[in-house]
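Taking it in order: structure first as structure tokens, then the write-up.
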Number of protein chains: 4
Amino acid sequence: MIVVLKSNPNREQLESLISWLQEKGIIIHTSIGEAHTILGLVGDTSQLDIDLIAALDIVEDVKRVQEPYKNANRKFHPEDTVVKVGNTQIGGGSLTLMAGPCSVESEEQVVAIAKAVKASGATMLRGGAFKPRTSPYSFQGLGATGLEYLKVARQETGLPIVTELMDLSQLPLFKDVDVIQIGARNMQNFDLLKAVGHQDKPVMIKRGMSATYEEWLMSAEYVMAGGNENVILCERGIRTFESYTRNTLDLACIPVLRKLTHLPIIIDPSHATGKSWLVDPLAMGAVATGADGLLIEVHNDPAHALCDGPQSLKPEVFDQVAKKLLKLHDFMKTLEE
Amino acid sequence: MIVVLKSNPNREQLESLISWLQEKGIIIHTSIGEAHTILGLVGDTSQLDIDLIAALDIVEDVKRVQEPYKNANRKFHPEDTVVKVGNTQIGGGSLTLMAGPCSVESEEQVVAIAKAVKASGATMLRGGAFKPRTSPYSFQGLGATGLEYLKVARQETGLPIVTELMDLSQLPLFKDVDVIQIGARNMQNFDLLKAVGHQDKPVMIKRGMSATYEEWLMSAEYVMAGGNENVILCERGIRTFESYTRNTLDLACIPVLRKLTHLPIIIDPSHATGKSWLVDPLAMGAVATGADGLLIEVHNDPAHALCDGPQSLKPEVFDQVAKKLLKLHDFMKTLEE
Amino acid sequence: MIVVLKSNPNREQLESLISWLQEKGIIIHTSIGEAHTILGLVGDTSQLDIDLIAALDIVEDVKRVQEPYKNANRKFHPEDTVVKVGNTQIGGGSLTLMAGPCSVESEEQVVAIAKAVKASGATMLRGGAFKPRTSPYSFQGLGATGLEYLKVARQETGLPIVTELMDLSQLPLFKDVDVIQIGARNMQNFDLLKAVGHQDKPVMIKRGMSATYEEWLMSAEYVMAGGNENVILCERGIRTFESYTRNTLDLACIPVLRKLTHLPIIIDPSHATGKSWLVDPLAMGAVATGADGLLIEVHNDPAHALCDGPQSLKPEVFDQVAKKLLKLHDFMKTLEE
Amino acid sequence: MIVVLKSNPNREQLESLISWLQEKGIIIHTSIGEAHTILGLVGDTSQLDIDLIAALDIVEDVKRVQEPYKNANRKFHPEDTVVKVGNTQIGGGSLTLMAGPCSVESEEQVVAIAKAVKASGATMLRGGAFKPRTSPYSFQGLGATGLEYLKVARQETGLPIVTELMDLSQLPLFKDVDVIQIGARNMQNFDLLKAVGHQDKPVMIKRGMSATYEEWLMSAEYVMAGGNENVILCERGIRTFESYTRNTLDLACIPVLRKLTHLPIIIDPSHATGKSWLVDPLAMGAVATGADGLLIEVHNDPAHALCDGPQSLKPEVFDQVAKKLLKLHDFMKTLEE
């Protein structure tokens, strides 16, 4: 950590800062310039609160050199994390295909979709039982009943299920879920993150609408600090001034996160774009960029139902896309040799 | 609501859409152009889910004309909402000054600050007991104990207290709080919004880091749909690519919200900028633009404590700022005459 | 175009608007609702200035249905534009590889790089002679001399050259250049766009730092309205609040532009990310998403020169990347069959 | 400047970097930590190209401590710059009111508006002769004729004129203009900035749509490096994801720029919001925050003309607003005493 002092800092305050840092085992290198004095702090600075230091009267600026996260940091955990779920896994060179309806509507629907996507190569079933909706007047999901339907679909197909937890109070219902999803809007719901940090099942954290990589990894750190190391990161687009697509999918996150962290990375082109015809090309782009998997919305019967999100693929389209994705994933491995 | 159809829409699907709309009491005006057919929907379209219609194969685009919120909409509630708290009020021409420490540290601290800010003209005490922190290793607030200290400070000064609720599970502890604050990161924590919608005390909703006015008002709508009409909106800056300030304070929200809604509007220059020396000029700007009040961080003893946020004012500085704000507020009234 | 009127519009003004529209050959469909009256305008609305109509007292909102660009619009020009340059082409199923140094430093340098990138499969040489630099104290490029060095490199390798035009006054020097590049900061330099619209050589327009797809296409429209139909679009990242990468590369632009326009699309992962180690994965992602080509910075001797941009690849790395890109491009074709 | 080295940097490269820095008179302080070695560079680092250093293989990160601009920097020029124009001035405690039509339409129009705004208290006349328009099919301004009309209006009223220069080639026509405006889209048109840096008249630089404070000040630095010290900064909103207003007006720029630079600051609420009813409250906010002046669009006859921008005030409204602004400005001075 680097602390830039104001010119002519109050001596007493400076000494107080230095002794406080030394008590914490930090070694301090001082560079005195004409305009500024710079303190280079060496040691375990992840324990220091950057805001507290920046608040001091004598401090002009503080800049971090080390990342503020540890458990999620590849530097301290060089090997890739591979998350095992049922008889499948996320990370470790495989291509995870999570597919299913945005919202569970009925047992028949979710079972039919689960069978279809499994036949096409999906490795996990995703479906929403509790739905975060911007309007209180929109359909809020089937809730506990939706979870039951998902479990029936799992029994019929063997696909592990991933579904979103919106609030701590729902946690008891999620005992039998395979992967807990934390939605983008809850990425900084810190109480929720702490709670799932004490669960013994994988947690998939979607990136917040305007979250930086560091904030996203700090959310992973919250979960891991609680002891749960099975964290998956899911990019679903960030908000920009481009409004043609719902969000802007940031595929650069794949190689960046690969460098910063050991956690697996899933890409969700359905939510990122909000348009089903963009799912195929961006899913292909994600695989070529090195994603560990994809989260793709699939809905069975958009012709007769009004509840098909504009970004959902029909099962027959998903089938084509999934086949192409798997072929591309195999091809990419040949390039590495 | 306007529905733009693709060219040569499937006839059967079009008829199915039209009859579905008619069943809901919507009147449809059709404009057939060379390239596009446009449906003008007239009636109560706030009940229609725009995403569901946009998802139909035959639909190219859907545009709203009416706002999707009702309770928060000034069109249906022309008079300003005035929120009464203890013997003070928010809105209705007064200038609310909420002041206090970002984080409650001790009984002595919060009582001392409460007394100081009251003497300077503050009408409410704000203080954080539960703190949302991006790092799991940062101080997370005193929790229930912090709430107790706030109540002591209220008893000593008579100032009503406003403090942040982070999770549903904490709700029982907030029975005796005067105003519940929903933080920016929880603006779309819909379960929390629903829960405070059933409380009989005012709720102040901070704008999410990248929330639009409409999304913010939809969060207010969640609370109001539960029956709680005492909602206050608090702007605290939005995230932009300018990183000199922590966020970019959007003062245009004041006249815009004044037009769209009847709810009172509070401005928080402390969190918006992250720098204490920016609080004074931007607070003045907020009052001149027409804000109903300000939320300002005040901390007593930054010299000996490392826990002073860089954006906090010392009580003596707050005293000067508050006096100027009140004078300016009085002056602004003379201009209206 | 859809015009939403305020409730109870002034009758005289409404009639004035309607007769003005009718004079322009626009057919008007009127939907009268309780709260709003909606005018559906049918005909060639691209000639109407949306701001002028929105400015009228009686108008609440105006929404476009048709795109405001014509020459660049795929609807009026369904076949892909293929830009021919020397004995190579951009678009039409080929993979264009533009490579070279950000800045031309010497004849030796640019000739050496040109030879290297040609051997690796590059189809065009890019190099900057006039450099837009945010600081007046930074190296501003070799100017006219740099252009001469580029031409020598072209003679030695046969690679057509693409280089940036920064100002109208430089245009005479660009007579012998193969493709004129308009930089991101000049995307809305309308005089420059008009001028290159009268040239008989291809123009590559980089996307502005915060430009929407529509604004970008309107810039292409400026060039095409002058008669020059050989326009190439180049995505180089947009500015977001993520500062780890210099910009956020928006690969969704590829399928979106493919739908909206017939112009070829080049991706520049070097400028988008600002980090050389991100070029390989994002270039692969761009090809899999369907880009017509890539613009990649290559510099020969970063070890002994201080002028190597952090995003440049060494020639031997470019060689590996180019080979992978070409293999992937071939593979993608097999999937289409 | 602080240079963070990668762990185990190549020795030869490190020595080469150090001797290169020493040749430039930079003093280097080294802090060796477990994970990182940090170089603290002391001396005139504004001459160092941060990108060049960041590009080196051995460098992990570079962080600036000093600002990269000098002429525009308050540190080296503590007194406020006051720009004299005719018999008025910008900065130095006065309130500049620049008012006039977005676009000059006729001599009658601009003379009438000039007389009206002068009577209301305007100190300068602004009007567009060359108009940057996103569509090639929109009205592009009257050009040279428009400039002549502006000069007639100046003769009739004595108001100095400020008008936009879009391209170097128009410069000869601007000899008799009082203040040259550089538009937001040209903020980084570096050739244009260099050219106006050699003029002997004031230059007002509008902030680019997504420019940071530092980039904006670097554009001022371009002009000042050419010898022209009469630079005015004009904030006109930055692009955010909020689309209700055209842009988001950033009033925090006033105190921030006041600290960073000595140049005067003008606020343009008309372009920032795109809605005339937002001009009054935000202009008031700007004055209370400490702006040196305002740029406000005024148009004479919106009822009979279709060319009134939706953000223009009618002269009678401007009259009310101007009177309030001047009163508020006077009041603000009483607070300082």
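Proteins come first, then strands; the chains are lettered A, B, ... in the order of their sequence lines, and each starts at number 1. Just so you know, these numbers use all the heavy atoms, side chains as well, and skip hydrogens, waters and symmetry mates.
- Within the 4.5 angstrom heavy-atom criterion, atoms from both the backbone and the side chain of B:Asp167 approach chain A.
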Decide yes or no on salt bridge (Lys or Arg N to Asp or Glu O under 4.0 Å) for A:Glu215 and B:Arg239, but give the supporting numbers first.
CA-CA 13 Å; A:Glu215 288 169 337; B:Arg239 183 165 270 186; 2.4 Å; yes
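- The contact between B:Gln140 and chain A is made entirely by side chain atoms (from C-beta outward), counting heavy-atom distances below 4.5 Å.
- Within the 4.5 angstrom heavy-atom criterion, atoms from both the backbone and the side chain of B:Thr212 approach chain A.
- Taking chain B as the reference chain and counting heavy-atom pairs below 4.5 Å, the highest number among A:Met166, A:Gln188, A:Met187, A:Lys70 is found for A:Gln188.
- Only the side chain of B:Ser169 comes within contact range of chain A, judged by heavy atoms closer than 4.5 Å.
- Using a 4.5 Å cut-off between heavy atoms, B:Tyr137 contacts chain A through its side chain alone, with no backbone atom that close.
- Counting heavy-atom pairs under 4.5 Å between each of B:Asn189, B:Leu192, B:Ile58 and chain A puts B:Asn189 at the top.
- In this structure the side chain of A:Pro136 never reaches within 4.5 angstrom of the side chain of B:Lys194, judged on heavy atoms.
- To the nearest 0.5 Å, atoms OG (A:Ser135) and OH (B:Tyr69) are separated by 12.5 Å.
- Within the 4.5 Å cutoff, the side chain of A:Lys131 has no heavy atoms near those of the B:Phe190 side chain.
- Both the backbone and the side chain of A:Pro132 come within less than 4.5 Å of a heavy atom of chain B.
- The shortest distance between side-chain heavy atoms of A:Leu168 and B:Leu168 does not fall below 4.5 Å.
- Residues B:Asp191 and A:Gln170 are in side-chain contact: their nearest non-hydrogen atoms beyond the backbone lie under 4.5 Å apart.
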